[in-house]
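Here's the structure we're looking at; comments come further down.
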Amino acid sequence: MIAHKDLVPLGRVGDSPQETFVLNLGPQHPAAHGVLRVLLTMDGEWIQRAEPIIGYIHRMHEKMGENRTWAKFLPNTSRIDYLSAMHYTHAFVGAVERAAKIEVPLRAEYARVITSELNRISSHMVWWGALLLDLGGFTPILYAFDDREKILDLLEALCGARLTYCYYRFGGLYNDVDDAFLKGTRDFVAHLRPRLKMYRDLVTDNIILRKRLTGIGPISADLCRRYGATGPVIRGAGVAYDVRRAEPYSVYPKLDFKIPTYSEADSMARYLVRMDEMEESLHIIEQALDQIPTGPFLGKVPRVLKLPVGDTCYAVEAARGRFMVRIVSDGKEIPYRVKLRTPSFSNLSLYEEASKGMILPDALAMMGSLDLVIPDIDR
Amino acid sequence: MSFLQIEPVRILLYLVGICAFVGANAAYLVLAERKGAGRIQRRPGPNEAGFGGILQPVADGIKLLAKQVMVPPGTDALLFRAAPLMVMAPPLMCLAMIPFSDSIVARHLNVGLLFVFSFGSINVMALMLGGWASRNKFAIISSARVVSQNVAYEIPMLLVVITLLMVTGTMDLNEIIHQQGGGIWHWNLFKVWVNPLMPVTFVIFFICMLAETNRAPFDMAEAESELVAGAFTEYGGMGFGVFFMAEYANIVVGCSLATVLFLGGWQSPIGVLSGGLWGAGWFLLKLYGLIFTVIWIRWTFPRTQFYSLLNLSWKILIPISLFTLLLTGAMMKLPVVYHQFF
Amino acid sequence: MSLLTALRDTYSGFKSLLTGLRITAREASKPSITVQYPHETLKMPERFRGHVKLVLDPVTGKSRCTSCNLCVRACPSDCITVEGIKREGEKKKSVSEYTLDFTTCSLCGSCVEACPSDAIEYSKDYNVVSLHREDFSRMDLVKKLEAEAKVWAEKNPEAAAAAAAASAAAMAAAAAAPAKPAVAPAPASAATPTPTSTPAAAANPVAPVRSPEPKTT
């Protein structure tokens, strides 16, 4: 027979009179979406302390940036957050363009906006499906993947890759956006609007989902500020912070879009922010499709790229929040430093403080609402 | 006929029959579940083994049988091995009471309903012991959940059944079915003149049945995104397979009971053609209709949170079922009182 | 009042559940959207980026690669090795060995962009499967090209003959010593292709293309 003491190896934590035990969630756990490990100190089903342990797929992306030329680092940027590869490439390309003062043709900028927003939708769809999977609903992820498949097909036909696009180049694009892509995107926008309504009816309005997310895992704006959480997490806390508005880049200033915010600061608020963002992205794509000019898709770029000595930052609004690249050049062909500020890392940092005193299913629901991508944390 | 009425032959026949029925149902309901999930998710489901995947359960069974049943070190080996048997036995016992038609019933007992409910409750203990014996934290959490969930849902379920018993006045399952003969409007589900809330009681019964069999959206026992596989985390091979089969066997029992109590059992909805094999046909039709609904529900909704699950039972289902109980009592007694005084 | 609210909440919650059931039932009645992969395959789009391969020049029946090594220098992961020889009767160097280490390739396409003579392109072959690591860590693109050239020569005998004649003429013009036999493109077919090195043009051993319909988007 098992004695009760065998199950409670830790004894007491702090001054708590209750007995606790340690639950090792991950690195291989169905809810961890990859190799995130969370060390939970539990009191029954109540979490006393949740300590995320990261670094299982650390790949030294920043160090890799320091030993290859600017152009050779480009494929890496798609692999930091594989779900929103476009944004990450955009940030790096944008940083180099800003440092080297490379002019980007307008057509390329609009194409970047269209592909970025498509990528944002596809990323949010993966999040939506994965969150529902965490909550035990199996069907939504397949509906989401059906629609996401259409985005991936469009982008595949455009740039040849489905996930790690590596589509942007210094000064423009890898290849031109063709009419088939523009038409396909327009069709997709028309297709997705009713589908989003279906998502709303099937899941968002569902009483079970509402009960599981409303009031669960409050993350206040103050907590977000302290840990640097951005993206839908801070917008779900009622702060209208969006890099596309706060530090305008590309042609976003020319486009009209709302920043969805909810002041409830719970998981449902973050959920609704992302659902609204998908609609906003469709709105942005429509405008960009109307405005995209003809012309070259690649600007003039020197054959051997040497950046002037200096320090440049470029931030974009990735699907998970503010992604910033800081590059330091010492005038050589190879960067002196490539710093990647990834949103998932900051969004995870607040998990320990925010999950205190929650019960296990709620804590997992909250983790799902943070939309973590583990390679983005570890990078 | 005389040969079939010899007691040992009869026992053997029904033992084999029920085991075969449970086995075939468990195997093919898994396939039906996967096919149904595929249909809802717009994919074909398993379709490689045999014509359209018809041999998939066989392939799964062979795979599970070929695997070693591991008993992890530190577990309570006896309980660990006994739990799958204990989880499988109650549904087999319960099915012996279910009348498939007016003549096909393994054991005719005048307290059949009581028998079914008392054996149905054992199922919880098996899950709890399995989880406890596994010496796994996820399994322990799951066991605790199973117990409180089942205790919470047994109450509204029994309240609903008591309401029904007041109407029928018997615990004999076949007798309950006989009372519902003569067309769809005689089914207990539609006896609104006895109690206008009869359809509501059916919904409560159905919800409780889902919770008792640990089915989605109440599958707290094996909430795979939280507890890996819940109470079955440490089970592999056929040990896991038996738990899995028992889940489906329990669904069959639960749905049969719902059919018997509310949908007229083997009675035909049109009032004629309910004898003999016709009756068995009607019964199976209703049974699989309910099972299909169970599958449909699973692939539509997310899982409830554990505390809202308990809230649903204590704050919504129990008050409503108590109210229906009172209402039924009042409606039955009021005419008597009326006649006595006026 | 609160009892009324509770009843209304219960009712609306129940209604939302029925809405969900209605939606899944509606979806269930629609046809399946998946592709039964081994039985049917999809056609890759024009710009699909598979592993790189050498381009077969339809005029000469040979590779256009001049082994200038620009692709090697452009590659971020150092996965390309190119060797070239100067063959008899040819002005430029031609490729004799082009090895791709597909295990480290990130399919970024820098090599294709860097190539000045359009000698490499993306393969449309996505069924890259093998039991041997060497088939990926030392992917011999010249061998693949030769296998492709053989198929091409069988399909277009006139073009192949013309190419062979042109190459012979070039050799004669260069007045090379007859003792040294030229390396003809097609005879290299003696090299048996490895199971994975089947060119995309040939029928795929794993997945015979039954209905190569274009993907509906």
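Because the structure is a prediction, the values reported are computed rather than measured.
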What distance separates [X] [atom1] from [Y] [atom2], expressed to the nearest 0.5 Å?
X	Y	atom1	atom2	answer
C/Arg73	C/Leu70	CZ	CG	5.5 Å
C/Ile80	C/Cys111	CD1	SG	4.0 Å
A/Leu289	A/Glu117	CG	CD	11.5 Å

Self-check item: Under 4.5 Å from a heavy atom of chain C, the part of A/Leu74 involved
Solution: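 Answer is neither: A/Leu74 stays 4.5 Å or more from chain C.
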Quiz item: By a 4.5 Å heavy-atom criterion (distance strictly below it), what part of A/Thr164 contacts chain C: side chain, backbone, both, or neither?
Solution: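 The backbone, not the side chain.
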Given the options [options], which has more heavy-atom pairs under 4.5 Å with chain A than any of the others?
options	value
C/Gly109, C/Gly50, C/Gly13, C/Ser77	C/Gly13
C/Ser110, C/Gly20, C/Cys75	C/Cys75
C/Thr24, C/Ile23, C/Thr19	C/Ile23

Which residues in [range] have a heavy atom less than 4.5 Å from any heavy atom of chain C?
range	answer
residues 167-175 of chain A	A/Arg169, A/Tyr174, A/Asn175
residues 188-213 of chain A	A/Arg195, A/Met198, A/Asp201, A/Leu202, A/Asp205, A/Asn206, A/Ile207, A/Ile208
residues 82-97 of chain A	none

SB check [X] [Y] (cutoff 4.0 Å):
X	Y	answer
A/Glu149	A/Arg162	yes
A/Glu62	A/Arg337	yes
A/Lys183	A/Asp187	yes
A/Arg107	A/Asp176	yes

Side chains of [X] and [Y]: does their closest heavy-atom pair fall under 4.5 Å?
X	Y	result
A/Pro140	A/Tyr143	no
C/Asp78	C/Thr104	no
A/Glu66	A/Pro335	no
A/Ile216	A/Asp266	no
C/Cys68	C/Pro116	yes
C/Met44	A/Glu156	yes
C/Cys115	C/Arg64	no

Quiz item: With respect to chain C, which residue among A/Ala161, A/Ser78, A/Cys166, A/Ala157 yields the maximal number of heavy-atom pairs within a distance under 4.5 Å?
Solution: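 Of A/Ala161, A/Ser78, A/Cys166, A/Ala157, A/Ala157 has the most heavy-atom pairs under 4.5 Å with chain C.
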Could you check whether any side-chain N or O of [X] sits under 3.5 Å from a backbone N or O of [Y], counting only pairs where one atom can act as donor and the other as acceptor?
X	Y	value
C/Lys143	C/Glu97	no
C/Arg49	A/Cys159	yes
A/Asp378	A/Ile57	yes

Practice problem: List the steps, then state whether side chain to side chain contact (heavy atoms under 4.5 Å, CB included) holds for C/Lys144 with C/Ser123. | Solution: CA-CA 11 Å; C/Lys144 285 194 181 208; C/Ser123 158; over 6 Å; no
Quiz prompt | A/His61-A/Asn76 side chain donor-acceptor pair, cut-off 3.5 Å | solution =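 Indeed, the side chains of A/His61 and A/Asn76 share at least one donor-acceptor pair under 3.5 Å.
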Quiz item: Distance under 6.0 Å and angle within 45° of the ring axis: does C/Arg8 meet both against C/Tyr11?
Solution: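 Judged by the rule, C/Arg8 and C/Tyr11 form no cation-pi pair.
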Quiz prompt | Contacting region of C/Pro45 [heavy-atom separation from chain A under 4.5 Å] | solution =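 Looking at C/Pro45, just its side chain touches chain A.
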Exercise. Under 4.5 Å heavy-atom distance to chain A, tell me which part of C/Ser12 shows up: side chain, backbone, both or neither.
Key: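 For C/Ser12, there is no contact with chain A at all, as no heavy atom is under 4.5 Å.
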Exercise. Tabulate, in ascending numerical order, the residues of residues 27-36 of chain C having at least one heavy atom closer than 4.5 Å to a heavy atom of chain A, or enter 'none'.
Key: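 From residues 27-36 of chain C, the residues near chain A are C/Glu27, C/Ile33.
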